[in-house]
Amino acid sequence: MAIEIIFTANKEPEMQNFDEIIEREGTHCYKYDLRKKIFGVDDVYPMWVADTDFRAPDFITDALRKRLDHGIFGYTFLDDEYFSSIINWIRIQHGFKIKKEWIKYSPGVVPSLFASVLAFTEPNDKVIVQTPVYFPFYTAVKETGRQLVRNPLVLRDGRYEMDLNNLKSKIDAQTKMIILCSPHNPTGNVWRKQELLDLCAVCLENDIMIISDEIHADIIYQGNKHIPSASLSDEISKNTLTLMAPSKTFNIAGLNSSYVFSSNPDILDKFSRYVEGLHIGANIFAIEATKAAYMHGKEWLSNLIGYYTDTIEMAREYIHSNLKNIDLIEPEGTFLLWVDFRKTNLSRDEMLKLLVDSAKLGLSDGFMFGKEGDGFQRMNIGCPRQKVLEALERIKSIKSFRA
Ligand SMILES: Cc1ncc(COP(=O)(O)O)c(C=O)c1O
């Protein structure tokens with residue numbers, strides 16, 4: 001059945017004020033209310049977990065309110081509009097035409113990572129991850145009894161690159177899957193077409209399935225373009241399961257709304273045994289939020305990217321003028337800054353003591369993304385710019401970091 005095109009112009013009447021400071025403490029919020037658990041103290045300035053301090057756009061809260069006002073929250077299902085909103089978003093934002101029958105709901109990208117490893121590999125099979133990388137990539141492999149194969153990214157002239165020669169040398173008959181992070185958390189890479197083509201060619205040659213985590217696909221900075229791995233060729237598409245969500249972009253991670261897609265029905269069937277097979281259905285509010293985000297979010301998103309771009313410019317300039325031995329890896333996408341402290345020659349413990357105990361700053365320690373992240377810190381800039389400035393000033397408050 002043909003899906004009706006329902007994409008409409010942004011309904012947002014005014015530009016959202018991203019400078020607005022909204023209190024999040026006491027709202028069962030990871031970033032603020034779990035500081036003691038993560039940092040040992042509850043008064044660090046929180047710039048860690050990857051959600052944002054921005055209010056979700058009005059067109060999402062209006063849609064949720066409308067649903068709430070109905071007052072009945074019985075069993076529900078994914079309607080055509082849910083699928084067409086996803087199809088249109090991916091076509092308009094990323095230039096890729098997908099079909100309704102390629103899409104499956106999932107409560108989250110991390111659950112999809114685990115489900116994928118379970119569905120497409122056997123115990124002891126080898127799964128490749130390119131490090132440093134978002135830490136659930138490791139747990140999805142290790143906690144399911146598979147073997148982790150690291151293919152460290154190489155930092156060359158300020159930009160991370162994939163090391164395909166190293167990758168090839170590690171592949172053997174037991175290597176069954178790669179989990180690709182595209183765009184890459186924490187390094188901020190937006191992989192270029194040729195990089196993806198080269199990687200996918202190695203995967204196809206060696207019968208390695210691609211799990212492409214594209215949750216950060218919407219936040220892309222000028223001069224870069226997100227290319228869905230599955231859009232590269234029909235052959236690659238048939239070998240790929242793509243994981244996406246509106247959660248990072250629109251700050252709705254707590255609503256548990258994500259989805260996967262593949263043009264290969266066998267892949268979808270196997271994946272479905274885990275999510276549909278366990279009868280994990282979508283929540284009414286997740287469905288409404290996804291539809292609203294994707295039907296009305298285009299202009300809001302471009303304002304958000306503009307805001308992030310200015311924040312990054314401010315941070316770049318601040319680091320350059322005020323700090324020493326600290327370098328910013330230029331982000332091509334994501335709202336995560338990967339900051340290189342290696343020239344400070346401090347050990348991890350010394351670094352954490354200074355940042356957490358002295359500066360009272362809660363960044364994500366690079367080691368958490370794998371040993372290749374040691375000496376780096378990840379700063380979440382998904383917040384009013386004033387907070388990013390405060391975080392930078394806290395770094396500057398450490399005498400040995402001051403220029
Ligand atoms: C690369 C990547 N994948 C997945 C997630 C989380 O996905 P979800 O909240 O849908 O499980 C994150 C969150 O930071 C992420 O950076």
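Counting starts at 1 for both ligands and their atoms, following the listed order. No experiment lies behind these values; they were computed from the predicted model shown.
If you take OG1 on Thr242 and CZ on Phe261, they are separated by 4.0 Å, rounding to the nearest 0.5 Å.
Taking a heavy-atom cut-off of under 4.0 Å, ligand 1 is surrounded by Ala50, Gly108, Val109, Val110, Pro111, Tyr134, Cys181, Asn185, Asp213, Ile215, His216, Lys248.
With Phe18 as the aromatic partner, Arg385 does not meet the cation-pi criteria of under 6.0 angstrom to the ring centre and within 45 degrees of the ring axis.
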Please step through side-chain contact (heavy atoms from CB on, under 4.5 Å) for the pair Val129 and Asn151, ending with a clear verdict.
CA-CA 6 Å; Val129 301; Asn151 183 41; over 6 Å; no
Please list, one pair per line, the donor and acceptor atoms closer than 3.5 Å that link side chains of residues 153-162 to other protein atoms, with sequence neighbours excluded.
from: Arg156; atom 1: NH1; to: Glu161; atom 2: OE1; distance (Å): 2.5
from: Arg159; atom 1: NE; to: Glu332; atom 2: OE2; distance (Å): 2.6
from: Arg159; atom 1: NH1; to: Glu195; atom 2: OE2; distance (Å): 2.8
from: Arg159; atom 1: NH2; to: Glu195; atom 2: OE1; distance (Å): 3.1
from: Arg159; atom 1: NH2; to: Glu332; atom 2: OE1; distance (Å): 3.4
from: Tyr160; atom 1: OH; to: Trp338; atom 2: NE1; distance (Å): 2.9

Donor-acceptor pairs under 3.5 angstrom involving side-chain atoms of residues 65-72: please list them, not counting sequence neighbours.
from: Arg65; atom 1: NH1; to: Asp62; atom 2: OD1; distance (Å): 3.3
from: Arg67; atom 1: NH1; to: His70; atom 2: ND1; distance (Å): 3.3
from: Arg67; atom 1: NH1; to: Ile72; atom 2: O; distance (Å): 3.4

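Sorted by first and then second residue, the pairs that involve residues 349-364 and meet salt bridge (Lys or Arg N to Asp or Glu O under 4.0 Å), not counting sequence neighbours, are Asp43-Lys360, Lys353-Asp357.
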